[in-house]
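The block underneath contains the structure these notes are about, expressed in structure tokens.
Quick note: numbers below take in every heavy atom, side chains included, and nothing from hydrogens, waters or symmetry partners. Order of the sequence lines sets the chain letters (A, B, ...), proteins ahead of strands, with each chain counted from 1. Just so you know, these numbers come straight off a predicted model, no measurement behind them.
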2 protein chains.
Amino acid sequence: MFKNIKNYFNQLITFIEDDWLLFEERLSIIEIKKGDYLLKEGQTCKMVSFIEKGLVRLSCTIDYKDVTTGFATENEYISDYESFLLQQPGKYNIQAIEDCTFINISYLDLQYLYKQKLVFSDAGRKISENLVIIISHTLTALLTQTPEERYLELVQIKSPLLQRVPQYMLASYLRITPEHLSRIRKKISGN
Amino acid sequence: MFKNIKNYFNQLITFIEDDWLLFEERLSIIEIKKGDYLLKEGQTCKMVSFIEKGLVRLSCTIDYKDVTTGFATENEYISDYESFLLQQPGKYNIQAIEDCTFINISYLDLQYLYKQKLVFSDAGRKISENLVIIISHTLTALLTQTPEERYLELVQIKSPLLQRVPQYMLASYLRITPEHLSRIRKKISGN
DNA sequence: GATTTCTATTGATAAATGTTAATATCCTTT
DNA sequence: AAAGGATATTAACATTTATCAATAGAAATC
């Protein structure tokens, strides 16, 4: 069951067998169906979820409209990090675009582990650092690219994702209307 | 000399006197003049810099144009985190908008400290977590607000900063042209 | 203090993107 | 297979924002 999450951690850090045991007994598993929510805005995010299977989107409501701000899929983490880290009510929804299986660790269990051994604090630091890299890159892309360029990069880097996400959600993520995305796609495909 | 940086850390974590000694002997001080660069794109960012005095901007070059992506001032950190964390050449410049004094810690010294004591790894984790919160918030703002709304928030939250930054840099940061910012300001001030 | 350079504003026009509405396509469900 | 609902495309038009050009204002340099 924990093969994927173990692989993920092995890329970051060296756990000995004993660390794994301590870690695994803190994990919980949740399954939800397509369309269902793992987290709704206004709730305090209690856990970080490793995606064992499926695809989710991160969204929030702006001017009564639902805006997709990110996607995450197999072997990635998802959480409302701001809400999770501050343990305050957050602004984000996490919704399953496909049936999903999550492996979760709660805030309290994580704090417990951080205090137990340096290796856990190190792992937490590295995961945070990775997040900084990922979010920084997203931010830079948004600051420096046009919608068309962002779409092209998405096609290049996350092509498999495009097949699994409805276009209107992609448009929302790219910060353009579905109509405009449709025009960009037409233009790219060669008028 | 290290009063400000100590205050900053005391908000995050409890260092004992011994920790401070270990920490302080790893710090270095750099001063640069207005207009000069602490880091230029293409270089690998070797350190994280606490701003003791002054004001800097983070920028990168897009289509031969210089784009401001962030500001940082007294009692904040600045770095090209992506370049720093990966120890790879980066895309960002750090330029002094005013004469600056930085207190720096190098990548290698930081790795050394992380191995010494849990408290340093914990501090590093918390700083990364703070960064995640800050960058996430910036990202969300960019995803969900119009240029005018972003300007108004900037006025509210970082009013002192506005006095110190030329308007064309602000415009670049808001992702609009200086002309457009000028029009927004005119409109807000009451036609 | 005059000159020069950089910065900010304004107006006219162009380009990009959004809005609305109609139609077409695809997917479910029956 | 038909019906219904969701999603995607297309067109006409509106709005936002950028571009270009000219001018005004501010700040640095001599």
Side-chain angles (χ1 to χ4, degrees), chain A residues 33-37 55 57 59 61-69 71 95-99 141-155 159 161-191, chain B residues 33-37 55 57 59 61-69 71 95-99 141-155 159 161-191:
Chain A
K33 291 284 174 196
K34 173 178 176 174
D36 288 350
Y37 287 83
L55 171 62
R57 75 189 184 100
S59 69
T61 302
I62 308 291
D63 296 336
Y64 308 103
K65 273 181 244 163
D66 179 277
V67 176
T68 299
T69 59
F71 301 100
Q95 185 186 25
I97 296 178
E98 303 171 356
D99 292 356
L142 211 59
L143 283 168
T144 59
Q145 298 178 334
T146 64
E148 183 168 332
E149 288 167 340
R150 293 203 297 276
Y151 175 70
L152 286 171
E153 178 169 315
L154 204 59
V155 170
S159 175
L161 194 69
L162 298 200
Q163 318 306 320
R164 298 164 70 183
V165 175
Q167 215 159 290
Y168 72 93
M169 282 184 193
L170 273 188
S172 171
Y173 176 67
L174 293 168
R175 301 304 298 143
I176 54 180
T177 56
E179 292 88 343
H180 191 55
L181 176 56
S182 185
R183 285 178 199 122
I184 288 176
R185 282 162 51 83
K186 187 183 178 188
K187 183 180 156 201
I188 288 169
S189 72
N191 304 315
Chain B
K33 290 284 173 195
K34 173 177 176 175
D36 288 351
Y37 287 84
L55 170 61
R57 74 190 185 100
S59 70
T61 303
I62 308 293
D63 297 337
Y64 308 103
K65 274 181 245 163
D66 179 277
V67 176
T68 299
T69 59
F71 300 100
Q95 185 185 26
I97 297 179
E98 303 171 355
D99 292 356
L142 209 60
L143 284 168
T144 59
Q145 298 177 335
T146 63
E148 184 168 331
E149 287 167 340
R150 292 203 298 277
Y151 176 71
L152 286 171
E153 179 170 315
L154 204 59
V155 170
S159 173
L161 193 69
L162 298 199
Q163 318 306 320
R164 298 162 71 182
V165 175
Q167 216 160 290
Y168 72 94
M169 282 185 193
L170 273 187
S172 171
Y173 175 68
L174 293 168
R175 300 305 298 144
I176 54 180
T177 57
E179 292 90 340
H180 191 55
L181 176 56
S182 182
R183 285 176 193 122
I184 288 176
R185 282 162 50 83
K186 187 181 179 188
K187 182 181 157 200
I188 288 168
S189 72
N191 304 314

One pair to check against side-chain contact (heavy atoms from CB on, under 4.5 Å): A:R183 and A:I176. What are the steps and the verdict? CA-CA 11 Å; A:R183 285 178 199 122; A:I176 54 180; over 6 Å; no
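Straight-line distance from the CZ atom of B:R183 to the C1' atom of D:dT16: 11 Å, rounded to whole Å. Distance, A:E179 CD to D:dT7 P: 14 Å, rounded to whole Å. The CD atom of B:E148 sits 9 Å away from the P atom of D:dT16 (whole-angstrom rounding). Between B:K65 atom NZ and D:dA18 atom P there is a gap of 10 Å when expressed in whole angstrom units. Nucleotide D:dT16 holds its C1' atom 13 Å from the CZ atom of B:R150, rounded to whole Å. Counting to the nearest Å, the P atom of D:dT9 and the NZ atom of A:K187 are 16 Å from each other. The interatomic distance linking B:Y151 (OH) with D:dT16 (C1') rounds to 19 Å, in whole Å.
A:S172 contributes a side-chain N or O that, together with a main-chain N or O of A:T68, makes up a donor-acceptor pair within less than 3.5 Å. Side-chain N or O atoms of A:Q95 include one that pairs as donor or acceptor with a backbone N or O of A:G35 at under 3.5 Å.
Taking every heavy atom of both residues into account, A:K33 and A:A96 meet most closely at O-CB, 3.6 Å. When all heavy atoms are compared, the tightest approach of B:F71 to B:M169 is CZ-O, 4.0 Å. Considering every non-hydrogen atom in both B:I97 and B:R164, the closest pair reads CG2-O, 3.7 Å.
The only member of B:K187, B:K186, B:R185 that meets salt bridge (Lys or Arg N to Asp or Glu O under 4.0 Å) when paired with B:E148 is B:K187.
Extent of DNA chain C lying under 4.0 Å from chain B heavy atoms, first and last nucleotide in 5' to 3' order, is C:dT7 to C:dA12.
Where the helix from C:dG1-D:dC30 to C:dT30-D:dA1 starts and where it ends, the local axes point in directions that differ by 50°; five pairs per end, rounded to 10°.
Between A:Y173 and A:L154 there is a side-chain heavy-atom pair separated by less than 4.5 Å. Side-chain contact between A:L161 and A:L170 is absent, with no heavy atoms from C-beta onward closer than 4.5 Å. Contact check for B:R57 versus B:V165: no side-chain heavy atoms found under the 4.5 Å cut-off.
Heavy-atom nearest nucleotides on DNA chain D were determined for B:I184 and for B:K34, and the one closer to the 5' end corresponds to B:I184.
The stretch residues 161-177 of chain B touches DNA chain D through B:R175, B:I176, B:T177, each having a heavy atom within less than 4.0 Å of the strand.
The pair B:D99-B:K34 fails the salt-bridge criterion, with no side-chain N (NZ, NE, NH1 or NH2) lying under 4.0 Å from an Asp/Glu carboxylate O.
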